[in-house]
Colleague: 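Please read through the structure below; I'll follow up with questions.
From a predicted model like this one, the values you see are computed outputs, not experimental measurements. In this chain, residues are counted from 1 in sequence order.
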Amino acid sequence: MTNMKTVKLMLAASAALIISAGAVSLAHAQDLPPLAKKDHYKVGFAQSESNNPWRIAETKSFQDTAPKCGWDLVATDAASSAAKQVADVDSMIAQGVDAIFLPPREEKPLLPAVLRAKKAGIPVFLVDRSVDANVAKAGRDYVTFLGSDFIDQGHRAADWLIKATGGKAKIIELEGTTGSSPANDRKKGFDDAVAKESGMTILASQSGDFARDKGRQVMETLLQAHPDVTAVYAHNDEMAIGAIQALEAAGRKPGKDVIIASIDGTRDAMQAIIDGKLGVTVESSPFFGPLSCETMKRYAAGEKIEPWVKVSDRIFTIDNAAASIAGAY
């Protein structure tokens, strides 16, 4: 009997140890990888594409920041392919970079790569775009999201358009890359705002993939289907410029019979405002290099980083475009 009692006690103790070890393992699985405080780091920046001024300016911001921040920068370009961007991140993991800055082209496809980096002990900072918040969490799976409030950007564009049109407009919406956080949120912010106005109608909404030529092509098609359009909302300036080209080719007068609202704040958009063709562009700054450097240093110093490092955005109209164009990209 004594031996049986001893065996039971030993089994119970073993079970307790296993449960305890499992709990510890689970707790550590939730912890973010640490980052040692040192003078030089090997840092990965996995750009999604370089087919527009915004992306080019963002990459340049990281390249310009690298020597000032003590980074040996490993920069890649996914050429508008989520699969290529995943492969780029996996390559950075294999190279043993100290940290990764990632603007996910789409919310869902990049999730596994983010989690693999964490498992490999590499902290990830999401820049200008996020991943599916239902699966990955800031402070647990990645350090933080550095970026703008995309919903607010869409809302501000809608507010301006409502005032500019007196609350009466037939709108074509040019959406950004399908499945990307800025496209999802800029649409929500805008659509929710105009839905409250009985005189504002969205005739059609279609993706132009944040690209000028694609935006032009989509606008040409939608213009044929909806010649009664009186306003255009583009999720970025490149598509807005494409829409202007399509309207002019069709004999329409952008800025007069078709009012256009956009987001980004590029040099071409500023010029279009000055020329009277674009009504407004809500700023979405691409200059993430310095902010990324500062945030990474804070993290290495052991600071608890807020889950969202917010960027404050301005709004550009005919009132301030001329004064602001010198600093645009």
Side-chain angles (χ1 to χ4, degrees), residues 31-82 84-105 110-131 136 138-148 181 284-312 327 329:
D31 291 343
L32 286 169
L35 183 64
K37 192 174 181 180
K38 54 186 183 180
D39 293 331
H40 296 281
Y41 297 93
K42 189 173 185 179
V43 173
F45 174 60
Q47 181 59 279
S48 57
E49 60 255 318
S50 298
N51 60 356
N52 63 73
W54 198 97
R55 289 284 156 201
I56 293 168
E58 182 183 46
T59 299
K60 187 174 186 303
S61 181
F62 273 88
Q63 291 170 335
D64 290 346
T65 297
K68 302 171 188 174
C69 203
W71 291 350
D72 176 11
L73 189 67
V74 179
T76 57
D77 179 358
S80 303
S81 166
K84 171 69 164 56
Q85 195 174 32
V86 169
D88 289 342
V89 173
D90 285 340
S91 174
M92 291 172 184
I93 293 170
Q95 292 177 58
V97 298
D98 295 303
I100 295 173
F101 288 91
L102 171 68
R105 176 170 166 77
L110 271 296
L111 275 169
V114 170
L115 297 178
R116 282 194 292 273
K118 176 192 170 185
K119 187 176 180 181
I122 302 169
V124 175
F125 299 77
L126 299 185
V127 182
D128 89 65
R129 293 185 182 185
S130 194
V131 291
R140 185 189 71 186
D141 302 301
Y142 58 93
V143 178
T144 185
F145 165 64
L146 296 85
S148 300
S181 55
S284 192
S285 174
F287 304 118
F288 281 98
L291 181 62
S292 297
C293 174
E294 176 193 341
T295 305
M296 184 174 146
K297 283 183 176 179
R298 288 171 54 206
Y299 184 68
E303 286 188 36
K304 182 175 177 59
I305 308 300
E306 57 272 32
W308 183 358
V309 180
K310 271 192 184 182
V311 176
S312 297
Y329 53 93

Colleague: Could you list the residues that satisfy salt bridge (charged side-chain N to carboxylate O under 4.0 Å, His left out) with E294, not counting sequence neighbours?
Modeller: none
Colleague: Roughly how far, to the nearest 0.5 Å, is NZ of K310 from CG of L291?
Modeller: 14.0 Å
Colleague: Tell me if a side-chain donor or acceptor on K304 pairs with a main-chain N or O of G139 at a distance below 3.5 Å.
Modeller: no
Colleague: Partners of F288 by ring-ring contact (aromatic ring centres under 6.0 Å, His included), sequence neighbours excluded?
Modeller: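 Partners of F288 under the ring-ring contact (aromatic ring centres under 6.0 Å, His included) test: none.
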Colleague: My understanding is that only residues two or more places apart in sequence, or in another chain, count here; which of them pass side-chain contact (heavy atoms from CB on, under 4.5 Å) with P290?
Modeller: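 P290 satisfies side-chain contact (heavy atoms from CB on, under 4.5 Å) with S61, T65 once adjacent residues are dropped.
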Colleague: Kindly say whether E306 contributes a backbone atom to a donor-acceptor pair with the side chain of T144 at under 3.5 angstrom?
Modeller: yes
Colleague: Which heavy-atom pair separates Q85 from A46 by the least distance, and what is that distance?
Modeller: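 That would be NE2-O, 3.0 Å.
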Colleague: Are any of the side-chain heavy atoms of P104 and V131 separated by less than 4.5 Å?
Modeller: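 They are in side-chain contact.
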Colleague: For F101, run the ring pair (Phe, Tyr, Trp, His ring centres under 6.0 Å) check against Y299, F145, F62 and tell me which one passes.
Modeller: F62
Colleague: Do S181 side-chain atoms and S130 backbone N/O form a donor-acceptor pair below 3.5 Å?
Modeller: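 The answer is yes, because a donor-acceptor pair under 3.5 Å joins these two groups.
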Colleague: Please list every donor-acceptor pair under 3.5 Å in which a side-chain atom of residues 68-79 meets a protein atom from a residue at least two apart or in another chain.
Modeller:
unit_1: T76; atom_1: OG1; unit_2: D88; atom_2: OD2; d: 3.4
unit_1: D77; atom_1: OD1; unit_2: A79; atom_2: N; d: 2.9
unit_1: D77; atom_1: OD2; unit_2: S50; atom_2: OG; d: 3.0

Colleague: Kindly indicate, with the supporting measurements, whether the criterion side-chain contact (heavy atoms from CB on, under 4.5 Å) is fulfilled by V311 and L146.
Modeller: CA-CA 7 Å; V311 176; L146 296 85; 5.8 Å; no
Colleague: Within this structure, what is the CZ-OG distance for the pair F125 and S292, rounded to the nearest 0.5 Å?
Modeller: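 If I round to the nearest 0.5 Å, the distance is 8.5 Å.
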Colleague: Any sub-3.5 Å donor-acceptor pair from R129's side-chain atoms to R105's backbone N or O?
Modeller: yes
Colleague: Main chain of R55, side chain of T59: is a donor-acceptor contact present, judged purely on distance under 3.5 Å?
Modeller: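 Present.
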Colleague: Could you walk me through whether I122 and M92 pass the side-chain contact (heavy atoms from CB on, under 4.5 Å) check?
Modeller: CA-CA 10 Å; I122 302 169; M92 291 172 184; over 6 Å; no
Colleague: If only atom types and distance count, is the side chain of E303 paired as donor or acceptor with the main-chain N or O of T295 below 3.5 Å?
Modeller: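 Answer holds: no.
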Colleague: Nearest 0.5 Å, please: how far is CG in L35 from NZ in K297?
Modeller: 12.0 Å
Colleague: Provide the full list of side chain to side chain donor-acceptor pair (under 3.5 Å) pairs with a residue in residues 32-42, sequence neighbours left out, each pair given once.
Modeller: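 Listed once each, the pairs are K38-D98.
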Colleague: List the residues meeting ring-ring contact (aromatic ring centres under 6.0 Å, His included) with Y142, not counting sequence neighbours, and say none if there are none.
Modeller: none
